[in-house]
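Notes follow the structure.
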Amino acid sequence: MSRLVLIDGSSYLFRAFHALPPLTNAAGEPTGALFGVVNMLRSTLKDKPDYVAFVLDASGPTFRDAMYPQYKANRPPMPEELRAQVQPMRQIVEALGFPLLCVEGVEADDVIGTLAVQAAQQGMDVTISTGDKDFAQLVRPGIALINTMSGSRMDSVETVMEKFGVRPDQIVDFLALMGDTVDNVPGVEKCGPKTAAKWLGEYGTLDAIMAGADGIKGKIGENLRAALPRLPLNRDLVTIKTDVALEGGPDTLAMRERHVEQLRELYARYGFHQALKELDGGAAPAGVAETEPGRARGTGRVSAPSSRATEAVDPALSAPGEYETILEPAQLLAWIARLQAADEFAFDSETNSLDPMQADLVGLSFSVEPGKAAYLPLAHDYPGAPAQLDRRLTLQQLAPLFADAGKKKLGQHGKYDLHVLRRHGVDVHGYRDDTMLESFVLNSGSGRHDMDSLAKRCLGYETIKYEQVAGKGAKQIPFSQVALDDATRYAAEDADITLRLHRVQAPRLAAEAGLEQVYRDIEMPLVPVLASIEANGVSVDVDELRRQSADLSKRMLAAQQQATELAGRSFNLDSPKQLQALLFDELKLPVLVKTPTGQPSTNEEALEAIADQHELPRVILEYRGLAKLRSTYTDKLPDMVNAQTGRVHTSYHQAGAATGRLSSTDPNLQNIPIRTDDGRRIRRAFIAPPGRKLVACDYSQIELRIMAHLSEDPGLVRAFESGADVHKATAAEVFGRKLEDVTGNERRAAKAINFGLMYGMSAFGLARQLGIARGEAQDYIALYFSRYPGVRDFMERTRQQARERGYVETVFGRRLYLEYINQGTQAQRAGAERAAINAPMQGTAADIIKRAMISVDAWLADHRERALMILQVHDELVFEVDADFVPTLLDQATGLMSAAAQLSVPLVVDSGVGQNWDEAH
DNA sequence: AAGTCGACGTAC
DNA sequence: GACGTACGTCGACTTC
């Protein structure tokens, strides 16, 4: 059988250029790529093929350019050092006797594809020599692929599968999904070989993937759906043609005569000593560097990919704005006049940090009319930056405007800006509207509430992303170094879009009186309260935390040594994956719990379940507990202490939880341990400074009380009115005991039922929680509902309302829309029902404590020197108080908290006082 | 190097 | 499939 070798010359040239060090010959001419190609050609010759072709791209456009004008548009021009090697390469190729093909209007890939298929049909044995993975689509009986640079060979379905995880006939789909940056063919964002192969494994073909795109979850699913329209084109672009018209067939490609003298000359000129020696009859090992190292070559610049246009919902609101940069005093005065005259103005600040307690103010932007905005740069500092208005003086000029409560201001997540301005000497009053909170109150559950998302969702407007002006990752520059025109486009847009969003959302709120009230009476007044809590911060005993870290480390090490001994080898205790292999594969312990993805779980429940069969699980549990405390708390909290204030300042996210709860980050101070002794010790590090005390006030059983109120169940209401321990009272009711006869176990069961019900728990869940049979759990629940029929009715009512209206609401009218209550899978609907039951209770509790915070803060306004509100933990407020002021604060705080809502049961507030947070409980 | 996901565990 | 709402850390994996 005759053999044909088709060499992808362009691919080798590029790859050799980039893979090999920048070599030069004695005359300084670049030779690196040439050297690589020559080595490849010589190794091809050793196989003595009957037919061979060295194929190069021609210069002109091809059918792919017609199909997709941006094809290869990103490609930088060929570097000069490489261009210089093309002509010598052609000379060497021809001197060696290789037929050289370069067909105008057809890419080398398609020439190779066509010849390969023709030859295979004629019964030839074809080898394509290339560094380009795209050719894997041509592998079939009679056509193999080799890459002489990596030495790999693909000649069967199996070898392609091994390399890419897909069959040769799937390669085109595979490439279409991934796209090709070099050729400027965008695929699915974040979809690389692994993801593409995974999908093709599941769905088989690109068409099937596209049809099933809605079923793919997560970020990557979104990316896939966004890329859908262009995938068929991608497929066409990456498909190698096998039917182009060529002048000669494979049988015209016999090796030509070799021109030894020309070769000798060329090898000598470029310093290929080994090749030269070989030419004269000596055997030469390949792959040894034959030229002297030369100077480094320059790198080509890659231009940025073009941004994609998005369609507008409303042309007026999604049109680009006209923005101005304020650099002159006269401009500033004109804008101040405009702001003064406006009914309400939007503003935004630009800074050097995401941390509002550290951020340095770089500029401010303003807008009073949609589409018109100005950026006032105050601290841009880069070579060639224009002179800017003096920051201190300018802020002084603006301060009266910000301080005037009568001048209404609007922002997006303005709490951040309030912090920054306050830290630069500007107090803001009259912060009247916030587009993030408008969106949150209008529909807390649907999507994010950041400005980029809102602009897109509400206005169909695609904002300039921070990364576009400041870069990201290692290349990110501080905003102060962003060029003024970029900064203006970005910053002024923020103010402009904020105003536009308000124009859209305010009428929507006004149309719903209940929501308007939640927004106006709860969320907006809370903004400055949260800002003040965050600014206050909490004092942390760093030395205490360090001591605890050291102690935990010691005990972790002991547990680790013990674990290594028990396992008989060392392993990473922090890795669930390694743990799983050890426990269930090596030690053959039974798998009793699985993770949601079906893997054997190593969580606490799973380890407890096998703790009686081996000593190791117990030791792992010990280690886990210690590691959690150290890594999350005792090691990290000291790093969070603010250098200027010496305190820890959390951030509360007001639009964080769909139910209306706050959440806390950087650090999260709402999940400091309390249940175990080791964990609780961490609370001792949250301290009051000398002369002060920490006071903690928490609502007693607030969610259960709300359940009593909402259900109006006489039994439950009575239990709370009597002031009894509600879990004990429940146990007495459910188990038919006198209050004093209730056992500890019965109380525990009753407590589990009480909590479980609020979360929509089933008999299955309760059984698991209590470690009892499912039937028994069902009996408990039935008994519970017979004693508290109002609760059962309330829950059914709530489900019903959710299904009919699509949302549930709190006592104060806050809504939670439930997308899946009437659609989706059974599991999704069941989940939505549980959320529907829980949200009115959790949400009402959130409303109540927010109202309390507002009224307590109002009272505290006159006592700022004596007491500070410093933490909120869902049902608890923590204060730092002068020791002699404690009684006054206790009286006021508990009183105002109790009075924050009038329910049909009393709102009881417990409190404690201590030198640290642990003592205050 | 950076982003994402899953597993795990802390709080209420 | 089975208990609601959050956030942080870690390892593993993937992309760039």
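In the text below, chain A, chain B and the rest are named by the order of the sequence lines, each starting its count at 1. Here the structure is a predicted model, which means the values were calculated and not measured.
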So that I can tick it off, tell me whether [Y] and [X] are bridged by a salt bridge, with the cut-off set at under 4.0 angstrom between side-chain N and carboxylate O.
X	Y	value
A/R799	A/E796	yes
A/K219	A/E189	no
A/R851	A/D847	no
A/E523	A/K850	yes

Per [X] side chain, nearest of listed nucleotides [options]:
X	options	result
A/A827	B/dT10, C/dG1, B/dA7	C/dG1
A/R683	B/dG9, B/dC12, C/dA6	B/dC12
A/T665	B/dA11, C/dT5, C/dG8	C/dG8

Do any side-chain nitrogens or oxygens of [X] fall under 4.0 Å of OP1 or OP2 in [N]?
X	N	value
A/S601	B/dC8	yes
A/N572	C/dG11	yes
A/T181	C/dC16	no
A/K636	C/dC10	yes
A/K577	C/dC13	yes
A/T659	C/dT5	no
A/R834	C/dG4	yes
A/S663	C/dT5	no
A/Q578	C/dA12	yes
A/R675	B/dC12	yes
A/T595	B/dA7	yes

Select base, sugar-phosphate, or nothing to describe what [X] touches, counting heavy atoms under 4.0 Å on all strands.
X	value
A/F755	nothing
A/E876	nothing
A/G192	sugar-phosphate
A/I672	sugar-phosphate
A/L757	nothing
A/R774	base
A/D666	sugar-phosphate
A/K472	nothing
A/A658	sugar-phosphate
A/T602	sugar-phosphate

Hey, are A/Q800 and A/R797 close enough side-chain-wise for a donor-acceptor pair under 3.5 Å?
no
Do the side-chain N and O atoms of A/Q670 and A/Q872 include a donor-acceptor pair separated by under 3.5 angstrom?
yes
Write down the distance separating the C1' atoms in B/dG9 and C/dG1, rounded off to the nearest Å.
23 Å
With no angle test and no hydrogens, is the base of B/dC8 tied to the side chain of A/R624 by a donor-acceptor pair under 3.5 Å?
no
